[in-house]
Amino acid sequence: MARILITSAIPYINGIKHLGNLVGSQLPADLYARYNRARGHEVLFLCATDEHGTPAELAAAKAGKPVDAYCAEMHAVQAEIARGFRLSFDHFGRSSSARNHVLTQHFAGALDRAGLIAEVMEKQVYSIDDARFLPDRYITGTCPNCGYASARGDQCENCTKQLDPTDLINPRSAISGSTNLEVRETKHLFLRQRSLRDRLEAWIDSKTDWPILTTSIAKKWLNDGDGLQDRGITRDLHWGVPVRKGTEDWPGMEGKVFYVWFDAPIEYIACTAEWADANGLPDAAWERWWRTDKGAADVRYVQFMGKDNVPFHTLSFPATIMGSGEPWKLVDYIKSFNYLNYDGGQFSTSQGRGVFMDQALSILPADYWRWWLLSHAPENSDSEFTWENFQTATNKDLADVLGNFVSRVTKFAASKFGNTLPAGGTNGDREEKLIADITAGLRAYEGLMAAMEVRKAAAELRALWVLGNEYLQSAAPWSVVKTDPDQAMAIIRLAMNLIRVFAVTSAPFIPDASAAMMKSLDCDDWTWPDDLGLAMETLPAGHGFSVPENLFRKITDEERADWQTRFSGIRS
RNA sequence: GGCUAGGUAGCUCAGCUGGUUAGAGCACGUGACUCAUAAUCACGGGGUCGGGGGUUCGAGUCCCCCCCUCGCCA
């Protein structure tokens, strides 16, 4: 039995995420967690909300709420939606937790002791009316290059020229519109990533089995231009982890907080501590997942994320861990995803384009979305969501192939033999062949799931369902029952046991449907079919069952057309 | 403009270090079956593997040039 630590990239707090965000991290992470639990491994699966930074402050202000109350509320909303999608987090934490404050300050102190923190004086724009420093992108003005009136301090959206806030003509605060701005000097801490560059590169080079998407992004940041740059880890904000050197004050840094990119990944560790706290466990319980000197040496740590998050997870966070000089666990495998596009364009949180998680659940249950998203996960390149594809794939795979299999078997059995498994007959060549075929497919499925080949695993699982239909079609119990009832009984007993095997093996993808299958079989034995021959005898003759409601309904053309229009615009 | 990843059947995609008539699912056509959510199963049609050169006994698979998407960066 292995010990597997799984984290999903933590979603930002300011709003509900769309399906592209879901399929890029939380959903495949959940698939992997569920699969490994089913195989009997010790799994800890964690996620959290990323709560600090200016966007959270502004979103709270817009909602007319204090930022901490706003975050608490949005955390509850995201947690509820995660439950709706059956994301099986062992804990859903918060980067604003006390645990994360302490750990973030601890890492900063350790990095400082290691000589990896530089104090740098910077000039930054201060808004007197807003009483705050303004991040570059919250200063707008006229572009000196093209004359566009609403250029941002970091870049002009019109001519795409990269800008410095001081380049702008007539600069003003994007928050209040105030032009009462001045440039002030302010001190910030920088993580000296440059001095860790070679160690990071050697580490990345040792990860020969990582997806190309992951390593190519990391290598680019290591080698592009002047190579890996030092990065600021503090900001002049109120909302965040106060800058401290471990448990001590940091002279000259009073009133400042750590930059959100620095504290967010540390939340993976803090979240584990939150998990222990929530379950009344001592520190040793979470430390054995993270400290290689306290029992974490045998842990395999796997992270899931979209490609935009790769630089932080391959370079910045590892720099924090390595630089601390302490025996913290480094990630062993990073599974990264491309983007999911929406009907010919991009999903966009800021523009409200696409289908968002709460909307998705309001029109169909989680399993429908889980199946489509996972079986079309953007692993090798960006992939595309269209309503036509969603409709045909869902109807065919879930309703026709799997749902109908369960339906035809249980209804036939009930009508011919009543509501218990019949006793007659024995397996013949056809049955032995089915068991051999399913076994081969199952072993292939296991290999793909272990390798996190999500799309291929889905295809292999579907192929198992097809084998069930194929068998039934050639065994034809509806004909056999007329001449050789005993043989028909054996066929049905086998088919009913196959439903249980489908329930167990499909659960990582479609947990609710699996539970419904088990319930109709009046069974709660989730043992993985290592030996399929034995697994096919789990439900004995005389075992009771009931005919379930249809597992999946079909999406009609009218619904598809309706949703297509409803979600074509911008979310208000 | 630089860099990454791609351009393979109508659609969505597989094709490891080059090797028999290029594969899957969907869609389409024909047949079988009637237990089942007009479901299932079988068979079939359909591709000069973005274009052009080259290496090789042999290239979708390697090299060069060009064209086109997507993303990142300047």
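Proteins come first, then strands; the chains are lettered A, B, ... in the order of their sequence lines, and each starts at number 1.
- Nucleotides of RNA chain B nearest to A:A393 and A:A399 differ in position, and the one nearer the 5' end is that of A:A393.
- Judged by closest nucleotide on RNA chain B, A:N550 is the one of A:N550 and A:W465 placed further toward the 5' end.
- For A:K456, a side-chain nitrogen or oxygen approaches OP1 or OP2 of B:G15 to under 4.0 Å.
- The side-chain tip of A:R235 points at the ring of A:Y259 from less than 6.0 angstrom away and within 45° of straight on.
- Under the salt bridge (charged side-chain N to carboxylate O under 4.0 Å, His left out) criterion, A:D397 pairs with A:R462, not counting sequence neighbours.
- Note on A:V409: nothing from the nucleic acid sits closer than 4.0 angstrom, heavy atoms only.
- Between B:C16 and B:U61, the distance separating the two C1' atoms is 10 Å to the nearest Å.
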- What dot-bracket string describes RNA chain B from 5' to 3', counting Watson-Crick and G-U wobble pairs whose defining distances are under 3.5 Å, with [ ] for crossing pairs and | for pairs to another strand? (((.(((..((((.....[...)))).(((((.......))))).....(((((..]....)))))))).))).
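- Other residues, nucleotides and ligands place more than 12 heavy atoms under 6.0 Å from the CG atom of A:D557.
- Distance check: A:D512 CG to A:M517 CE gives 10.5 Å after rounding to the nearest 0.5 Å.
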Extract from the structure each pairing of a protein N or O with an N or O of nucleotides 5-11 of chain B at less than 3.5 Å, listing the distance.
none

- Audit row: A:D400, A:K554, salt bridge (charged side-chain N to carboxylate O under 4.0 Å, His left out) steps and yes/no: CA-CA 9 Å; A:D400 294 348; A:K554 294 199 187 190; 2.7 Å; yes
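- Counting to the nearest Å, the C1' atom of B:U37 and the CG atom of A:L551 are 10 Å from each other.
- Residues satisfying the side chain to side chain donor-acceptor pair (under 3.5 Å) criterion with A:E388, sequence neighbours excluded, are A:Q564.
- Using a 4.0 Å heavy-atom cutoff across all strands shown, A:N404 reaches at least one base atom of the nucleic acid.
- The shortest distance between the side-chain N/O atoms of A:K396 and the OP1/OP2 oxygens of B:A39 is not below 4.0 Å.
- Counting non-hydrogen atoms under 4.0 angstrom, A:K416 reaches nothing in the nucleic acid.
- At the heavy-atom level, A:F552 lies under 4.0 Å from base atoms of the strands shown.
- Distances shorter than 4.0 Å separate some side-chain N or O of A:R462 from OP1 or OP2 on B:C26.
- One finds the CD1 atom of A:I204 at 5.5 Å from the CG atom of A:L315 (value rounded to the nearest 0.5 Å).
- For A:T314, there are no side chain to side chain donor-acceptor pair (under 3.5 Å) partners at least two apart in sequence or on another chain.
- Residues from residues 469-488 of chain A placing a heavy atom under 4.0 Å of any atom in RNA chain B, listed by number, are A:N469, A:E470, A:Q473, A:W478.
- Results of the side-chain hydrogen bond (donor to acceptor under 3.5 Å, both in side chains) test with A:W372 over A:T394, A:D367, A:N389 single out A:N389 as the only residue that passes.
- Relative to the ring axis of A:F337, A:K335 places its NZ or CZ within 45° and under 6.0 Å from the centre.
- Atom-to-atom distance recorded for A:R500:CZ and A:L539:CG is 6.5 Å, nearest 0.5 angstrom.
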